[in-house]
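To keep things clear, I will list the structure first and then write my remarks on it.
Here the structure is a predicted model, which is why all the values come from computation and not from measurement. For this chain, numbers begin at 1 and follow the sequence in order.
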Amino acid sequence: MPEYRSDGVRHMIKVLVADDQELIRQSLQIVLDSKPDLEVTDVAANGMEVVQCVRREKPDVILMDIRMPKMDGVQCTKIIKENYPEIKIIILTTFDDDEFVYNALKFGASGYLLKGVSMDELVNAITTVYSGRAMINPDIAAKVVRLFSQMAKADYTIPVEMKGEKNLSKTEWNVIAEVGKGASNKEIAEALRLSEGTVRNYLSTILNKLGLRDRTQLAIWAVQSNAAQKRSE
């Protein structure tokens with residue numbers, strides 16, 4: 001559903017395309033500009049150009065290639081999220097390398113898609129992350145869950161509000177445990193016999209209680225806190 005501003009004007013999702021291959025940049029720009037709710041405001045060939053483009057006109061969503069000259073997509077993601085945390089970033093790449101997945105998510109990327117996805121899947125990913133949810137390609141979802149486990153054992157920790165953790169209800173722990181397993185809202189709803197709307201409300205409340213930024217941080221923390229065990233206590 002398209003969003004409208006308070007003055008009744010339809011809101012276009014502003015997209016920045018970052019890829020070192022000109023053909024891919026142009027192709028994505030043409031296709032995405034043809035969608036009624038999307039507008040490609042700029043294109044960039046490397047991470048340094050991305051930073052310049054963002055300063056010039058802040059996009060809502062960045063499609064970020066991983067392997068770019070001068071500054072790669074992982075380092076660029078880190079810089080953008082540190083300075084513009086509200087901008088959503090989708091990592092779009094032909095590589096499903098463990099280190100890239102790990103670092104892109106660690107630095108705050110909202111989505112990770114392989115370049116083989118269809119245009120409909122890509123458009124859906126853009127609208128999904130724009131609404132504040134995470135979008136992970138099904139082909140690497142299992143790998144992401146394994147990486148969360150590795151993060152839990154490493155020195156990358158997610159700090160949370162201790163008071164908020166103590167105030168979590170049993171149902172909220174159940175939701176957190178499902179998130180830690182990589183479950184979607186639909187899967188969580190089915191597992192806990194809740195509506196998807198109720199699951200979204202629970203997630204919003206949980207993030208506020210714990211002082212976390214997004215679902216990705218929650219998923220990592222769920223593994224670190226052993227939420228699966230706490231749900232059964």
- line: To the nearest 0.5 Å, atom NZ of K14 lies from atom CD1 of I126 at 14.5 Å
message: Is the shortest side-chain heavy-atom distance between V15 and D60 below 4.5 Å?
response: no
- request: Flag yes if more than 12 heavy atoms outside E86 fall under 6.0 Å of its CD atom; otherwise flag no.
  value: yes
- prompt: Below 4.5 Å, heavy atoms only, C-beta onward: do L113 and I91 meet side chain to side chain?
  reply: no
message: Quick check: do I90 and Y112 have side-chain heavy atoms less than 4.5 Å from each other?
response: no
Test item: S204 and L207 side chains (from C-beta on) under 4.5 Å apart, heavy atoms: no
- prompt: Between D20 and K70, is a salt bridge (Lys or Arg N to Asp or Glu O under 4.0 Å) present by the stated rule, with each step listed?
  reply: CA-CA 10 Å; D20 65 337; K70 297 184 180 179; over 6 Å; no
- prompt: Is there side-chain contact between I89 and K81, with heavy atoms separated by less than 4.5 Å?
  reply: yes
field: E187 (side chain) donor-acceptor with S184 (main chain) under 3.5 angstrom
entry: yes
field: Partner of D19 under side chain to side chain donor-acceptor pair (under 3.5 Å), chosen from R67, Q26, K115
entry: K115
query: Is the backbone N or O of M68 less than 3.5 Å from a side-chain atom of D65, with the two atoms forming a donor-acceptor pair by type?
result: no
query: Counting only heavy atoms not in M71, do more than 12 fall under 6.0 Å of its CE?
result: yes
task: State, yes or no, whether a side-chain contact exists between T205 and Y202 at a heavy-atom distance under 4.5 Å.
output: no
message: Within the 4.5 Å heavy-atom criterion, are I206 and L212 side-chain neighbours or not?
response: no
task: Consider only side-chain N and O atoms of R55 and N83, and report whether a donor and an acceptor are under 3.5 Å apart.
output: no
- prompt: Which of these passes side chain to side chain donor-acceptor pair (under 3.5 Å) with N185: R200, R215, E190?
  reply: R215
field: Pairing of K209 and E165 as salt bridge, 4.0 angstrom limit
entry: no
Donor-acceptor contact below 3.5 Å, side chain E121 vs main chain S118: yes
query: Is K58 close to L16 at the side-chain level, that is, under 4.5 Å between some pair of heavy atoms?
result: no
- request: Before giving the answer on side chain to side chain contact (heavy atoms under 4.5 Å, CB included), spell out for D33 and L38 the whole-Å C-alpha distance, their side-chain angles and the decisive distance to 0.1 Å.
  value: CA-CA 6 Å; D33 270 340; L38 303 179; over 6 Å; no
Salt-bridge contact D42-R56 (side-chain N to carboxylate O under 4.0 Å): yes
